[in-house]
Amino acid sequence: METCKLPVQSSEHLFRLIRDLFSVYRCNSVAMELRERKPPTLKEKFSDHYKNRDFTVKKTQINTIGVAFFWGMWISIFIEGHILTFQLYGDNWIKTGVIFVLIWFSAWQSFINWFGTYLVDVSKVDAAVKEKHHPGILETPAGWYNCPNCQVDVPPRSFHCKYCNKCVLKRDHHCFFTNSCIGFYNERFFIIMCISLIWCNAFASFLQVTYLNQTIPLSLFGILNYFAPVAFFQMLFGNMTFFQFFLTLHLFFTVGCFFSAIFFTYYHLFLICYGMTSFESTKKMNIYSHDTVLDNLRSVFGALRWIPLQFIFPFRVDQIDDGVNWNIRKRVKGN
């Protein structure tokens, strides 16, 4: 008995037919599903958007926000200082001239030391540092360690910064307002910048309060109008102009920056006098300090006689240390 065999062409044609029928059925199913599905509302679209959004602040964003805040405050205080001076003392040209000199001097100090902190990049540790102090040595020198990120040997007190992606000599901390690491060579610029910011924000706050006091007297209850939320509602009800509201809001930031600058100045001058960095302070490692406070100051600012001139214009100084070789203090029994 002979079996019936389909031709090859008939088998292929049947396969194509079945495949086409399946495709048509699938397309119809998808089309019916799309017709039955309701379009998402605007609320659902926003909800899905923010559910899938990553709100984690990136490393570069932190630096961008910090730098933008610094320059936003610098520009606003500089312009606002001229406007308020004309409003308050426009009739007295001598007083106006003196205040303008103080404004420009304060602005210059914070401006030039910000760039000094940002541009001084010689604190970076690379292979040339080891070659300079230990030429021809392949092993890691005593007291040094190998950075797994930079793949170079780094001296004591040097650490890797995850924001700058480099090792820094005598690294203290990363400053987000300058987008740079505070290390051996630019620490003095950072300290002088903080001191200048104390004066800048104190003077700006004085001008703001003096101007606002003309129309919003400082009293037991009147002082509440100097708080931004209260000032905002006062502006909505027509009891305060937009410029007055802006001054109260700006006053909040200037006062905050004033106390922040005092804290950073005091804290870092304290560390400098004791010959420590922020990391060493948290670990209670006071082993690199010089014998006297004056020598610790010279390690950062150079010769003490040049410190007042550095407030006028920052210049190169000869520090008594090189940022690489450090003498370890002998521990005294009982300390």
Side-chain angles (χ1 to χ4, degrees), residues 65-118 175-178 189-266 311-314:
I65 293 172
V67 172
F69 178 81
F70 176 89
W71 285 111
M73 289 294 295
W74 189 93
I75 294 172
S76 59
I77 289 176
F78 184 75
I79 297 175
E80 185 183 277
H82 289 79
I83 296 175
L84 295 183
T85 302
F86 273 120
Q87 293 286 336
L88 294 171
Y89 311 107
D91 297 334
N92 190 334
W93 288 101
I94 296 178
K95 187 176 290 187
T96 301
V98 172
I99 294 176
F100 277 0
V101 170
L102 294 177
I103 291 174
W104 279 82
F105 176 76
S106 303
W108 163 257
Q109 274 297 300
S110 54
F111 175 86
I112 196 66
N113 283 288
W114 186 94
F115 276 99
T117 305
Y118 175 74
C175 178
F176 298 110
F177 299 106
T178 60
F189 295 113
F190 175 77
I191 296 296
I192 297 175
M193 183 186 71
C194 289
I195 295 175
S196 65
L197 290 178
I198 294 175
W199 163 248
C200 286
N201 289 282
F203 192 58
S205 301
F206 168 77
L207 291 177
Q208 292 164 349
V209 173
T210 304
Y211 179 83
L212 291 172
N213 191 44
Q214 295 179 341
T215 54
I216 310 174
L218 279 172
S219 60
L220 182 61
F221 296 102
I223 196 173
L224 295 176
N225 295 317
Y226 285 75
F227 291 92
V230 178
F232 176 74
F233 285 102
Q234 290 282 36
M235 182 188 67
L236 291 181
F237 291 119
N239 299 326
M240 185 181 293
T241 64
F242 176 78
F243 183 67
Q244 290 172 331
F245 166 70
F246 173 79
L247 285 182
T248 57
L249 182 63
H250 203 209
L251 177 63
F252 171 79
F253 286 106
T254 53
V255 172
C257 292
F258 169 74
F259 286 106
S260 298
I262 289 179
F263 168 77
F264 281 113
T265 302
Y266 170 79
F311 282 88
I312 301 175
F313 187 85

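Counting from 1, the numbers follow the sequence of the chain as shown. Note that these values count all heavy atoms, side chains included, but never hydrogens, waters or copies made by symmetry.
By the 4.5 Å heavy-atom criterion applied to side chains, T215 and T241 are not counted as neighbours. Using a 4.5 Å cut-off on side-chain heavy atoms (C-beta onward), M73 and F69 make contact. I83 is not listed as a side-chain neighbour of Y211, based on a closest heavy-atom distance of 4.5 Å or more. At least one side-chain heavy atom of V67 sits less than 4.5 Å from a side-chain heavy atom of W114. Proximity of L251 to T254: side-chain heavy atoms (C-beta onward) are separated by under 4.5 Å at one or more points. Counting heavy atoms from C-beta outward, W108 and F313 have side chains that approach closer than 4.5 Å. Considering only heavy atoms from C-beta on, K95 stays 4.5 Å or farther from L88 through its side chain. Side-chain atoms of I65 and F176, non-hydrogen and from C-beta on, never get closer than 4.5 Å to each other.
Screening F246, F253, F252 against H250 for a ring pair (Phe, Tyr, Trp, His ring centres under 6.0 Å) leaves a single residue, F246.
Shown here for G72 and S76, the closest heavy-atom pair between the two residues is O-OG, 2.8 Å. In terms of heavy atoms, A231 sits closest to N225 at CB-O, 3.5 Å. When all heavy atoms of A228 and F245 are compared, the closest pair comes out as O-CE1, 3.7 Å.
Note that CG of L84 is 11.0 Å distant from CD1 of I77, once rounded to the nearest 0.5 Å. Residue I99 holds its CD1 atom at 5.0 Å from OG1 of T85, rounded to the nearest 0.5 Å. Rounded to the nearest 0.5 Å, atoms CE (M235) and CG (L249) are 10.0 Å apart. One finds the SG atom of C200 at 9.5 Å from the CD1 atom of I103 (value rounded to the nearest 0.5 Å). Note: S110 OG to W199 CH2 = 12.5 Å, rounded to the nearest 0.5 Å. Rounded to the nearest 0.5 Å, atoms CD1 (I112) and CD1 (I312) are 13.0 Å apart.
Classification of the F86-W93 ring pair by plane angle, with boundaries at 30° and 60°, yields perpendicular.
No more than 12 heavy atoms of other residues, nucleotides or ligands sit less than 6.0 Å from atom CD1 of I223. Atom CG of L236 has more than 12 neighbouring heavy atoms from other residues, nucleotides or ligands inside a 6.0 Å radius. Within a 6.0 Å radius of CZ in F233, no more than 12 heavy atoms belonging to other residues, nucleotides or ligands are found. Within 6.0 Å of atom OH in Y226, more than 12 heavy atoms from other residues, nucleotides or ligands are found, so the atom counts as buried in its surroundings.
A ring-centre distance under 6.0 Å is not found for F203 and F105. Ring centroid separation for the pair F190 and F177 does not come in under the 6.0 Å cut-off. Ring to ring, F115 and F111 are close: their centroids are under 6.0 angstrom apart.
In terms of modelled atom types and a separation under 3.5 Å, the side chain of T178 and the main chain of Y118 share no donor-acceptor contact. Side chain of T265 to backbone of I262: no donor-acceptor contact under 3.5 angstrom is found.
Residues satisfying the ring-ring contact (aromatic ring centres under 6.0 Å, His included) criterion with F78, sequence neighbours excluded, are W74, H82, W104.
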